[in-house]
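As the structure is a computational prediction, the values presented were derived from the model and not from experiment.
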Amino acid sequence: MPFEKNYDKQELDAITLPACIHLRNKAMCVTGQLEDTDHPDEAGSKNTWCNLTQHIIGPDKIEVNRARCVAGRECHCDS
């Protein structure tokens, strides 16, 4: 049986929204910028953290990742 992976459409749609300015990703240490990715697995990577808490948990006590750190989240900041 071939492997099939399904993604939650809501989470994929959230990735297209601008990310919080406090979201950091390991890739930023290499490229210097948080780029949108075509690979949802990388967008939800544990290699993301909040610059305010310096942890994978944000100030609102919720896990941070590219799909969750968008407008509408209590601690989101866009400028």
Side-chain angles (χ1 to χ4, degrees):
M1 177 185 289
F3 177 77
E4 182 178 313
K5 186 157 188 171
N6 298 308
Y7 296 101
D8 180 13
K9 179 157 175 33
Q10 270 188 317
E11 192 164 300
L12 289 176
D13 290 343
I15 294 172
T16 62
L17 298 172
C20 176
I21 64 169
H22 300 296
L23 181 65
R24 297 293 183 262
N25 186 292
K26 186 176 178 181
M28 294 176 77
C29 300
V30 177
T31 65
Q33 56 188 320
L34 180 66
E35 297 181 16
D36 289 339
T37 179
D38 292 332
H39 305 285
D41 287 338
E42 292 176 19
S45 165
K46 295 295 183 203
N47 293 323
T48 58
W49 63 92
C50 175
N51 206 37
L52 295 176
T53 62
Q54 298 291 304
H55 201 268
I56 63 169
I57 304 295
D60 58 355
K61 308 292 189 233
I62 299 173
E63 184 178 0
V64 301
N65 64 37
R66 179 62 183 90
R68 289 183 176 171
C69 295
V70 294
R73 185 167 173 167
E74 176 184 320
C75 55
H76 180 266
C77 185
D78 57 6
S79 59

Measure the spacing between [atom1] of [X] and [atom2] of [Y] and express it to the nearest 0.5 Å.
X   : Y   : atom1 : atom2 : result
R66 : N47 : CZ    : CG    : 15.5 Å
D60 : C69 : CG    : SG    : 8.0 Å
L23 : N65 : CG    : CG    : 8.0 Å

[X] versus [Y], closest heavy-atom pair with distance:
X   : Y   : result
L17 : V70 : CB-CG1, 3.9 Å
R73 : R68 : CD-O, 3.3 Å
V64 : C50 : CG2-N, 3.8 Å

Over 12 foreign heavy atoms within 6.0 Å of CD, Q54:
yes

